[in-house]
Amino acid sequence: MLSSPTLSKLLPWLTPSSLKQSTQLHALMVVSGSLLSPPATTHLFKSIVDSLQPPNLSYALQLFAQIPSPCTFLWNTVIRACSRNGAPRESIRLYDQMHRRGIAPDSYTFQFLFKSCGVSSSAFEGRMVHGLFVKLFPESDAYAVSSLIHMYMELGRVGDARRAFQRISRRDVVSWTTMISGMAKLGFLNDARKLFDETPVRNVVSWTSLIAGYAQADRAEEAIELFTKMLSDNVKADTVTVVVVLSACAQLKDLELGKWIHSFIQKEGIIINNNLVVALIDMYSKCGDVNCAQECFDSMGRKVLQAWNAMIDGYCKIGDIDRARSLFDQMGVCDVISFNSMITGYIHTGRLKDALLLFAKLRESGLRPDNFTIVGLLTACASLGALDQGKALHACIEEKLVQWDVYLGTALVDMYMKCGNTEQAMLVFQRMEERDVRTWGATIAGLALNGMGKLALEYFDLMKKEGIRPNSVAYLSVLTACSHSGLLKEGRSYFEEMRSLYKLEPEIEHYGCIIDLLGRSGHLKEAIGLIETMPVEPNAVIWASMLSACRVYKDMELAEKAAENLLKLEPNEDAVYVQLYNIYVDSRRWADASKIRKLMEERGVRKTAGYSSITVAGQVHKFVAGDQSHLQITEVQKMLNEIAKRLKLAGYLPIIQQISVDLDDEEKEQALFAHSEKMAIAYGLISLPPNLPIHVIKNLRVCEDCHSAIKLISKIWNREIVVRDRSRFHHFRDGRCSCNDFW
DNA sequence: ATAGGGTTAG
């Protein structure tokens with residue numbers, strides 16, 4: 001067959017449609033000798049580069065290397081191939097070769113080189129190539145210069161981009177839009193807008209660029225406004241435009257608008273590609289209409305990864321985490337984003353253990369966790385008090401598994417703080433090069449939680465000295481610090497200062513802090529006065545802290561007022577009834593106390609059991625008073641008896657006054673030892689190595705008896721014990737606690 | 001014979 005001279009002449013002009021066909025053709029050409037003829041090789045090369053799906057760059061480069069003396073056109077083709085197929089540096093290297101072989105570049109060559117330098121962020125090379133270009137082509141055409149502007153935009157060199165733009169003698173629509181989109185993307189919205197207003201040639205691309213700029217800058221309303229202006233200007237939206245607009249709807253969580261855009265797309269006959277379907281799914285997911293999202297998803301033929309991920313996100317957002325998981329398990333291929341969405345979903349629904357388990361799976365899968373993964377998991381560890389896992393994540397960061405940034409550092413500080421390890425938290429804080437207001441906030445709040453209120457205030461002042469302007473959240477941290485450490489004078493002055501110095505209007509949480517602080521310090525009249533005069537409606541948290549203060553300072557009248565308001569806001573919260581009941585019992589008003597019991601029964605409010613949890617070897621163990629379901633309950637029971645025995649030997653008297661149930665004293669003592677935090681501590685004593693602190697989380701407030709008993713336990717066993725309850729940390733060491741007023 | 005600009009997940 002090959003002996004036919006006609007066929008061998010025809011060979012080079014065939015167009016291969018697969019890699020196999022290409023290699024066959026290539027082989028035939030080598031054998032027949034037609035590879036040596038430049039036009040034939042050029043054609044083969046070009047058809048290989050252009051027709052292969054996916055493009056096979058290394059094959060193309062190999063073939064190129066065999067071509068004896070490629071012309072400028074062929075060099076351009078190969079440089080372009082590199083710039084388009086993820087090997088931009090290779091195209092710069094090729095240009096170097098071209099230059100050394102004395103082949104003259106043309107303006108196409110430069111276009112592709114600019115593109116390569118842009119996508120690979122090669123600022124130095126970019127400037128060199130630019131210099132060369134100006135020397136060779138002083139009369140620059142709009143085509144190549146548009147690429148040049150684009151390159152400088154990608155390098156973040158707005159000034160250079162602008163100068164290049166100004167040098168163009170005849171600016172066309174593309175050079176204008178390149179400027180507009182570059183400016184908008186870099187966040188120079190005002191400049192972009194000015195260019196947009198000046199341009200004589202506006203089209204759908206310039207409109208879309210500007211809309212996208214606003215959407216990306218979290219200014220979705222303005223993006224939508226521009227979109228309506230564009231429509232009234234009679235510019236037809238295309239697929240890219242509506243993708244951008246849908247992302248703005250998602251940002252605004254405006255389902256109505258999203259639905260309107262959806263019907264607009266159908267009405268206008270806008271071409272619906274996979275990208276657009278993904279944008280629709282994402283919009284519906286974020287707006288909370290997962291059924292519509294599912295409909296779009298079902299309509300998709302070949303389901304792309306992004307669509308799966310958007311669906312997972314949608315089910316997570318409405319809290320249907322199991323549905324999300326089932327989708328996740330159905331995915332053929334998933335990526336780190338799929339994992340992150342699931343992990344965040346678990347964290348949001350409080351299934352922290354599942355989140356950590358999924359992380360283990362992620363590591364097994366060989367995918368690389370990124371900053372989102374680590375920040376999410378650190379948050380989970382923080383609320384679990386899972387110090388071991390938190391430390392493992394810290395190790396991941398130290399091993400440079402992810403790129404260090406300020407969010408990561410802040411999450412790390414927060415985790416160590418919430419796990420009660422203030423030393424490590426401060427070490428991380430001190431090592432951070434960049435700290436933003438959130439970093440400081442996490443540090444201040446963490447110190448406050450850990451009973452180091454004075455130090456928290458010092459850090460707050462330090463933050464201000466470093467020129468960081470405190471925001472509302474930072475003030476919340478510092479007020480929390482004051483209320484946790486009973487720093488009344490300081491609390492008052494910070495509360496005053498946030499308004500006068502920083503023009504921050506106190507929100508309900510800030511009022512909550514200052515009212516709590518006043519109440520704790522016994523200034524009940526002042527507290528109630530503030531509640532009555534503040535510009536926001538008091539919430540349940542505020543009345544609850546009033547009620548606690550009233551119990552301690554024995555103000556029956558105010559207590560009843562607080563309870564009345566509290567019961568209006570939270571008629572089903574058992575803790576309110578219990579608290580009020582206890583207050584009546586304290587002051588021996590038995591009739592009122594039993595009325596409360598009756599009220600609870602009438603309203604069907606059941607007292608829910610408080611639980612405590614402890615993490616051992618990555619497993620969360622939950623204890624409920626009186627619950628025998630723990631696997632090692634016998635050992636726990638034994639340990640509790642041992643604790644009771646040793647405490648008695650040390651002369652400990654259980655504080656039974658707080659128990660208002662009708663029991664004799666011995667039964668009361670036993671009841672105290674069935675408390676869930678004591679069970680958790682007992683389990684910690686038997687299962688944790690002696691050098692590890694025992695870290696317990698309690699979902700209710702630690703009671704007075706537990707507080708003093710744990711002090712003694714820490715001394716007798718010489719163990720550090722950290723108990724974290726709803727509102728604070730208790731660090732027990734050497735028979736002492738970091739917070740001395742237990743309530 | 002080759003060409004420049006706008007989009008997307010957590």
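Numbered from 1 within each chain, the chains take letters A, B, ... in sequence-line order. All heavy atoms count here, side chains included; hydrogens, waters and symmetry mates do not.
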Trainee: Scan residues 91-109 of chain A against DNA chain B and write down, sorted by residue number, each residue with any heavy atom closer than 4.0 Å; if none is found, say none.
Mentor: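 By residue number: A:D106, A:Y108.
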Trainee: Determine, for A:Y108 and A:R80, whether the Lys NZ or Arg CZ falls below 6.0 Å from the six-membered ring centre while staying within 45 degrees of the axis.
Mentor: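 No; the conditions do not both hold, so A:R80 does not lie above the ring face of A:Y108.
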Trainee: Does a salt bridge link A:K259 with A:E256, judged by any charged N lying under 4.0 Å from a carboxylate O?
Mentor: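 Between A:E256 and A:K259 there is no salt bridge, as every charged N stays at least 4.0 Å from the carboxylate O atoms.
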Trainee: Taking the six-membered ring for Trp and the full ring for Phe, Tyr or His, determine whether the centres of A:F297 and A:W308 are under 6.0 Å apart.
Mentor: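 Close enough - the centres of the two rings lie under 6.0 Å apart.
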Trainee: Please list residues of residues 143-152 of chain A whose heavy atoms come under 4.0 Å from any atom in DNA chain B, ordered by number; otherwise none.
Mentor: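 Contacting residues: A:Y143, A:S146, A:S147, A:H150.
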Trainee: Contact class for A:T178 vs. all strands (heavy atom < 4.0 Å): base, sugar-phosphate, or nothing?
Mentor: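 Sugar-phosphate only.
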Trainee: The test is salt bridge (charged side-chain N to carboxylate O under 4.0 Å, His left out); show your working for A:R162 and A:D191 and say whether it passes.
Mentor: CA-CA 11 Å; A:R162 211 186 263 283; A:D191 297 87; 3.3 Å; yes
Trainee: Has A:R157 got more than 12 heavy atoms of other residues, nucleotides or ligands less than 6.0 Å from its CZ?
Mentor: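 Atom CZ in A:R157 is not crowded, with 12 or fewer foreign heavy atoms closer than 6.0 Å.
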Trainee: How close or far is atom P of B:dA1 from atom CZ of A:R80, stated in whole angstroms?
Mentor: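 Answer to the nearest Å: 15 Å.
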Trainee: Restricting to side chain to side chain contact (heavy atoms under 4.5 Å, CB included), what partner residues turn up for A:N273, sequence neighbours left out?
Mentor: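 Partners of A:N273 by the side chain to side chain contact (heavy atoms under 4.5 Å, CB included) criterion, ordered by chain and then number, come out as A:T239, A:N275, A:L276.
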Trainee: Does anything in residues 236-247 of chain A come within less than 4.0 Å of DNA chain B? Heavy atoms only, and list the residues if so.
Mentor: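 Close to the strand are A:D238, A:V240, A:T241, A:V243, A:V244.
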Trainee: Taking CZ from A:F328 and P from B:dA9, how many angstroms apart are they, rounded to a whole number?
Mentor: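 For the pair A:F328 CZ and B:dA9 P, the rounded distance is 19 Å.
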Trainee: Hey, does A:S209 reach any base, or is it just sugar-phosphate, or nothing, if we go heavy atoms under 4.0 Å?
Mentor: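 Sugar-phosphate only.
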Trainee: State plainly whether the residues A:R325 and A:D320 are in salt-bridge range, i.e. N to O under 4.0 Å.
Mentor: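 No, A:R325 and A:D320 are not salt-bridged.
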Trainee: Taking A:I312 as the fixed residue, which of A:S285, A:S341, A:C334, A:S326 is the one that meets the side chain to side chain contact (heavy atoms under 4.5 Å, CB included) rule?
Mentor: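 Going through A:S285, A:S341, A:C334, A:S326 one by one, the side chain to side chain contact (heavy atoms under 4.5 Å, CB included) with A:I312 is satisfied by A:S341 alone.
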Trainee: In whole Å, I'd like the distance from the CG atom of A:D282 to the P atom of B:dT8.
Mentor: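 Answer to the nearest Å: 10 Å.
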Trainee: Name the closest nucleotide to the A:S181 side chain, picking from B:dG5, B:dG4, B:dT7.
Mentor: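 My answer, after comparing the listed nucleotides, is B:dG5.
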Trainee: Of all the nucleotides listed (B:dT7, B:dT2, B:dG4), which has the minimum atom distance to the side chain of A:F112?
Mentor: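 Nearest nucleotide to the side chain: B:dT2.
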Trainee: Could you tell me whether A:A212 contacts a base, only the sugar-phosphate backbone, or nothing, with contacts defined as non-hydrogen atoms closer than 4.0 Å?
Mentor: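 If one applies the 4.0 Å heavy-atom cut-off, A:A212 turns out to touch the sugar-phosphate alone, with no base involved.
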Trainee: A:K185 side chain N/O closer than 4.0 Å to the phosphate oxygens (OP1, OP2) of B:dT7?
Mentor: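 Yes, such a contact exists.
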Trainee: Could you state the atom-to-atom distance from CZ of A:F165 to C1' of B:dG5 in whole Å?
Mentor: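 Those two atoms, CZ and C1', are 12 Å apart.
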Trainee: Mind checking A:N76 for me? I need base, sugar-phosphate or nothing, with any heavy atom below 4.0 Å counting as a touch.
Mentor: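 Counting heavy atoms under 4.0 Å across all strands, the contact made by A:N76 includes a base.
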Trainee: Mind listing the residues from residues 358-373 of chain A sitting with a heavy atom below 4.0 Å of DNA chain B? Number order is fine.
Mentor: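 Of all residues in residues 358-373 of chain A, the ones placing a heavy atom under 4.0 Å from DNA chain B are A:D370, A:F372.
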Trainee: So A:W260 and A:F264, would you call those rings parallel, tilted or perpendicular, with 30° and 60° as cut-offs?
Mentor: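 Plane angle under 30°, so parallel.
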Trainee: List the residues meeting ring-ring contact (aromatic ring centres under 6.0 Å, His included) with A:F165, not counting sequence neighbours, and say none if there are none.
Mentor: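 Applying ring-ring contact (aromatic ring centres under 6.0 Å, His included) to A:F165 gives A:W176.
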Trainee: Under 4.0 Å between a Lys/Arg side-chain N and an Asp/Glu carboxylate O for A:D96 and A:R100?
Mentor: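 A salt bridge links A:D96 with A:R100.
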Trainee: Mind checking A:A142 for me? I need base, sugar-phosphate or nothing, with any heavy atom below 4.0 Å counting as a touch.
Mentor: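 It contacts base atoms.
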Trainee: For A:F137 and B:dG4, what is the distance between atoms CZ and P respectively, to the nearest whole Å?
Mentor: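 Between P of B:dG4 and CZ of A:F137: 17 Å.
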Trainee: Should the ring pair A:Y95 and A:F110 be called parallel, tilted or perpendicular, given that the plane angle runs from 0 to 90° and is split at 30 and 60?
Mentor: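 Tilted: the ring planes of A:Y95 and A:F110 meet at 30° to 60°.
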Trainee: Please check if atom CZ in A:F188 has more than 12 non-hydrogen atoms from other residues, nucleotides or ligands closer than 6.0 Å.
Mentor: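 Atom CZ in A:F188 is not crowded, with 12 or fewer foreign heavy atoms closer than 6.0 Å.
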Trainee: On the nucleotide B:dT7, are OP1 or OP2 found under 4.0 Å from the side-chain N or O atoms that A:Q306 carries?
Mentor: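 For A:Q306, the contact criterion (side-chain N or O under 4.0 Å from OP1 or OP2 of B:dT7) is not met.
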Trainee: What is the separation between atom CZ on A:F73 and atom C1' on B:dA3, rounded to the nearest whole Å?
Mentor: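 Between C1' of B:dA3 and CZ of A:F73: 12 Å.
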Trainee: Calculate the interatomic distance between A:R84 atom CZ and B:dG4 atom P; express it in whole Å.
Mentor: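 Value for this atom pair: 7 Å.
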Trainee: What's the CD1-P distance between A:I79 and B:dA1, to the nearest Å?
Mentor: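 Whole-Å distance recorded here is 20 Å.
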Trainee: Can you tell which of B:dG6, B:dA9, B:dG4 lies closest to the side chain of A:Q111?
Mentor: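 Given the options B:dG6, B:dA9, B:dG4, the side chain of A:Q111 is closest to B:dG4.
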Trainee: Nearest to the A:N203 side chain among B:dG5, B:dA1, B:dA9, which nucleotide is it?
Mentor: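 Nearest to the side-chain atoms of A:N203, counting from C-beta on, is B:dG5.
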Trainee: Is it true that A:K361 and A:E364 make a salt bridge, defined as a side-chain N closer than 4.0 Å to a carboxylate O?
Mentor: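 Salt bridge flag = no for A:E364 with A:K361.
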Trainee: What about the rings of A:Y152 and A:F114, do their centers lie closer together than 6.0 Å?
Mentor: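 Between A:F114 and A:Y152, which both carry aromatic rings, the centre distance is not below 6.0 Å.
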Trainee: Between B:dG4, B:dA1, B:dG5, which nucleotide has the shortest distance from any of its atoms to the side chain of A:C71?
Mentor: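 The nucleotide sitting nearest to the side chain is B:dA1.
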Trainee: If you check every side-chain atom of A:V278, which of B:dA1, B:dT8, B:dG5 has the closest atom?
Mentor: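 Side chain of A:V278 sits closest to B:dT8.
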